[in-house]
Amino acid sequence: TTFAVMGHLAKVDGQVSQSEIRLAETVMARMNLDTEMRRTAIGLFNEGKAADFDLDAVLDQFRRECHRRRHLLQMFVEIQLHACYADGAVHADEARVLRHICDRLGFSREEFAQLEALVRAAQGFAGAGAQGARPGVAPSHDRIAEAYKVLGVTREASDADIKTAYRRLMNQHHPD
């Protein structure tokens, strides 16, 4: 499912980029797929690129198979967000499909915005620092605003609320 939807998102803007392919390969490596599983994943990625790919059927099946395990659905959405950001920016068609995926999987717009902020922040930390800063905005201000957004709190939040939000995110995203 993950790779089929990644393929669909990679193709939705018209062309699959090398960076989108590299990201799919990176995900395969992180999942420790053996040769046969890797071939299957590549096949699914290619199926997702097809014009007749039934995204809704795949998402509905995935949601049923997750048995309401929200963390699996959330990880899936995060991977898809990374796929969309792989080539540096989210194309309008990719954004539309991402919103549809979240709607289909039961994520609110606020939850999606928080996941997107989390992925953008992760890419900023993994990337070249200030490259993630928006033009015309001081990097320190931009990073502080982004940090509040990732935590899902406002600047007016108390230290206790910020700490609670941080711990909640750590529990959701820590590998252990």
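Please read all numbers here as calculations on a predicted model, not as lab measurements.
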Query raised in the report: Does a salt bridge link Glu20 with Lys49, judged by any charged N lying under 4.0 Å from a carboxylate O?
Result: no
Using every non-hydrogen atom in the two residues, find where [X] and [Y] come nearest and quote the distance to one decimal.
| X | Y | value |
| --- | --- | --- |
| Cys66 | Leu73 | SG-CD2, 3.8 Å |
| Arg109 | Arg99 | NH1-CD, 2.6 Å |
| Ala10 | Phe45 | CB-CZ, 4.0 Å |
| Leu105 | Phe62 | CD2-CD2, 4.4 Å |
| Val12 | Arg96 | CG2-NH2, 4.0 Å |
| Val90 | Ala95 | CG1-N, 3.6 Å |

Looking at [atom1] of [X] and [atom2] of [Y], how far apart are the two atoms once the value is rounded to the nearest 0.5 Å?
| X | Y | atom1 | atom2 | answer |
| --- | --- | --- | --- | --- |
| Thr35 | Met37 | OG1 | CE | 11.0 Å |
| Lys11 | Asn46 | NZ | CG | 10.5 Å |
| Arg104 | Asp60 | CZ | CG | 4.0 Å |

Query raised in the report: Can you name the one residue among Arg38, Met31, Glu47 that meets side-chain contact (heavy atoms from CB on, under 4.5 Å) with Phe3?
Result: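 When side-chain contact (heavy atoms from CB on, under 4.5 Å) is applied between Phe3 and each of Arg38, Met31, Glu47, only Met31 qualifies.
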Are [X] and [Y] close enough that some pair of their side-chain heavy atoms sits under 4.5 Å apart?
| X | Y | value |
| --- | --- | --- |
| Met28 | Ile42 | yes |
| Gln74 | Phe107 | yes |
| Asp87 | Gln18 | no |
| His82 | Val27 | no |
| Leu55 | Ile101 | yes |

Is a side-chain donor or acceptor of [X] paired with a backbone partner of [Y] at a separation under 3.5 angstrom?
| X | Y | result |
| --- | --- | --- |
| Glu94 | His91 | yes |
| Gln80 | Thr2 | yes |
| Gln61 | Val58 | no |

Query raised in the report: Can you list the steps and then say if Arg70 with Glu111 is a salt bridge (Lys or Arg N to Asp or Glu O under 4.0 Å)?
Result: CA-CA 12 Å; Arg70 192 74 170 170; Glu111 290 170 312; 2.9 Å; yes
Query raised in the report: Does Arg22 have any side chain to side chain donor-acceptor pair (under 3.5 Å) partners at least two apart in sequence or in another chain, and if so, which?
Result: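 In terms of side chain to side chain donor-acceptor pair (under 3.5 Å), with neighbours along the sequence ignored, Arg22 is linked to no residue.
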**Report entry** Partners meeting side chain to side chain donor-acceptor pair (under 3.5 Å) with Gln15 (sequence neighbours left out)
**Finding:**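 Testing Gln15 for side chain to side chain donor-acceptor pair (under 3.5 Å), a comparison that skips the adjacent residues, returns none.
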Query raised in the report: Stepwise, does the side chain to side chain donor-acceptor pair (under 3.5 Å) test hold for Gln114 with Glu110?
Result: CA-CA 6 Å; Gln114 188 172 7; Glu110 290 169 344; over 6 Å; no
Query raised in the report: So does Arg69 have more than 12 non-hydrogen atoms from other groups sitting under 6.0 Å from CZ?
Result: yes
Query raised in the report: Could you go step by step and tell me if Ser158 and Asp161 meet the side chain to side chain donor-acceptor pair (under 3.5 Å) rule?
Result: CA-CA 5 Å; Ser158 69; Asp161 289 339; 3.3 Å; yes
**Report entry** Single-linkage hydrophobic cluster Ile21~Tyr85, side-chain heavy atoms < 4.5 angstrom
**Finding:**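 Shared cluster, no.
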